[in-house]
Amino acid sequence: MTPPTSRTWSRRGTTPVIRVRGRSQRRFSIAALCCYKPGERSRLIYRPKRHTDHKSGGRKSFAWTEYRDLLIAAHQQLGAPIVLVWDNLNVHKDRHMRAFIDAQDWITAYHLPSYAPDLNPVEGIWSILRRTTQANTAFTDPDHLMRRLRHGLRRIQYRSDIIDGCFTATGLILTSRSDGPSCDSP
């Protein structure tokens, strides 16, 4: 829970130091989809998760079933087929995940090249979140962090111009296919 620093000040010649009480070993994950469809407003669909048992050998990230549930929820919310473009996270390439995607006629999946975060619009969302909601904040407890994350994501969620800007920053071009929205995920 060390706060990311966006801007601060101090006396000339003195390095600014932010003091934080202790370090938490709690772990949080967020899965998000930036969804684009020509002629409609862009959307951000996300799911935060708090990992309570990661110290005792529990999972430290989303399981393939949680990504599956996010895709199903996105499909129901968007009401259209999904062209999914995501990075090469090991869970995205899991055999169970591949089998699920292959069994659905409403998902077409593509993977970004390895080590290409500049092509993933969701990376722009994380950058904005770190520079706004989390910047210069020492969180008092995990619930405070989770509240701020949800608040920041909700603010971005209702600003389709921010989501569009993250897509534009990738340099990719959205082609007008009629088969459904395009979704990008971390």
Side-chain angles (χ1 to χ4, degrees), residues 1-2 4 23-37 42-130 133-134 139 141-157 163 166-167 170 172 179-186:
M1 292 198 313
T2 302
R23 290 184 75 82
S24 173
Q25 296 300 316
R26 293 177 179 87
R27 184 138 174 133
F28 297 92
S29 296
I30 302 172
L33 298 170
C34 289
C35 301
Y36 308 93
K37 187 173 183 181
S42 300
R43 297 182 187 198
L44 177 68
I45 301 171
Y46 65 91
R47 297 287 183 276
K49 180 178 180 179
R50 184 175 181 176
H51 304 282
T52 55
D53 63 344
H54 76 279
K55 282 188 182 179
S56 61
R59 191 159 183 89
K60 297 178 184 176
S61 62
F62 278 90
W64 79 271
T65 54
E66 292 161 321
Y67 281 105
R68 176 199 63 201
D69 295 344
L70 176 62
L71 290 172
I72 291 169
H75 175 60
Q76 290 171 347
Q77 183 176 345
L78 298 169
I82 294 174
V83 177
L84 183 65
V85 181
W86 57 12
D87 59 15
N88 290 295
L89 185 67
N90 59 354
V91 178
H92 296 167
K93 292 185 158 197
D94 183 89
R95 66 184 171 90
H96 299 295
M97 192 70 197
R98 283 195 315 259
F100 168 74
I101 290 172
D102 292 342
Q104 309 307 313
D105 62 345
W106 49 268
I107 299 178
T108 305
Y110 298 98
H111 288 278
L112 291 170
S114 297
Y115 306 106
D118 52 322
L119 296 178
N120 190 346
V122 176
E123 295 297 334
I125 299 294
W126 302 143
S127 176
I128 290 167
L129 196 62
R130 281 190 297 273
T133 304
Q134 292 182 297
F139 300 101
D141 57 25
D143 292 328
H144 181 213
L145 171 61
M146 189 57 85
R147 279 192 311 273
R148 291 294 297 263
L149 286 172
R150 285 180 186 270
H151 175 74
L153 286 166
R154 211 173 304 117
R155 285 179 51 196
I156 293 170
Q157 191 175 31
I163 301 168
C166 291
F167 182 79
T170 66
L172 299 174
D179 59 347
S182 171
C183 293
D184 302 299
S185 168

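Quantities reported herein were computed from a predicted structural model and do not represent experimental measurements.
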Looking at [atom1] of [X] and [atom2] of [Y], how far apart are the two atoms once the value is rounded to the nearest 0.5 Å?
X: Asp141; Y: Met146; atom1: CG; atom2: CE; value: 11.5 Å
X: Arg43; Y: Ile163; atom1: CZ; atom2: CD1; value: 10.0 Å
X: Thr65; Y: Leu70; atom1: OG1; atom2: CG; value: 11.5 Å
X: Leu129; Y: Arg155; atom1: CG; atom2: CZ; value: 10.0 Å
X: Arg95; Y: Asp102; atom1: CZ; atom2: CG; value: 13.5 Å

Item to complete: Look at the rings of Trp106 and His75 and say which category their plane angle falls in: under 30° parallel, 30 to 60° tilted, over 60° perpendicular.
Response: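 Trp106 and His75: parallel rings.
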
Practice prompt. Give me the ring orientation class for Tyr36 and Phe167: parallel if the planes are under 30° apart, tilted from 30 to 60°, perpendicular past 60°.
Written response: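 The arrangement is tilted - the two ring planes meet at 30° to 60°.
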
Fill in: Geometric cation-pi criterion Arg130 and Trp126, 6.0 Å radius, 45° cone
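No, a cation-pi geometry is absent between Arg130 and Trp126.
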
Item to complete: Let me see the working for Asn90 and Trp64 under side chain to side chain contact (heavy atoms under 4.5 Å, CB included), right down to the final yes or no.
Response: CA-CA 10 Å; Asn90 59 354; Trp64 79 271; over 6 Å; no

Is there side-chain contact between [X] and [Y], with at least one heavy-atom pair below 4.5 Å?
X: Ile72; Y: Phe100; result: yes
X: Phe62; Y: Val91; result: no
X: His96; Y: Arg68; result: no
X: Tyr46; Y: Arg154; result: yes
X: Phe28; Y: Lys49; result: no
X: Thr108; Y: Leu84; result: no
X: Leu119; Y: Pro113; result: yes
X: Ile45; Y: Cys35; result: yes

Looking at [X] and [Y], what are the two nearest heavy atoms and their distance?
X: Glu123; Y: Pro117; answer: CG-O, 3.5 Å
X: Cys166; Y: Pro121; answer: CB-O, 3.5 Å
X: Leu33; Y: Ala74; answer: CD1-CB, 3.6 Å
X: Val122; Y: Ala32; answer: CG2-O, 4.0 Å

Side-chain donor or acceptor of [X] paired with backbone N/O of [Y] under 3.5 Å:
X: Arg98; Y: Lys93; answer: yes
X: Arg148; Y: Thr133; answer: yes
X: Gln157; Y: Leu44; answer: yes

Worksheet item: Under a 4.0 Å N-O cut-off, is there an ion pair linking Arg47 with Glu66?
Response: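 Salt bridge absent between Arg47 and Glu66.
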
Fill in: Leu149 vs Gln134, side chain to side chain contact (heavy atoms under 4.5 Å, CB included): CA-CA, chis, key distance, verdict
CA-CA 8 Å; Leu149 286 172; Gln134 292 182 297; 3.7 Å; yes

Practice prompt. Go through the steps to decide whether Val83 and Tyr110 satisfy the test side chain to side chain contact (heavy atoms under 4.5 Å, CB included), and finish with yes or no.
Written response: CA-CA 8 Å; Val83 177; Tyr110 298 98; 3.7 Å; yes

Worksheet entry | Residues His111 and Asp87: side-chain donor-acceptor under 3.5 angstrom |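 No, Asp87 and His111 have no side-chain donor paired with an acceptor closer than 3.5 Å.
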
Worksheet item: When you look at Asn120 and Thr170, which way does the side chain to side chain contact (heavy atoms under 4.5 Å, CB included) test go after all the steps?
Response: CA-CA 7 Å; Asn120 190 346; Thr170 66; over 6 Å; no

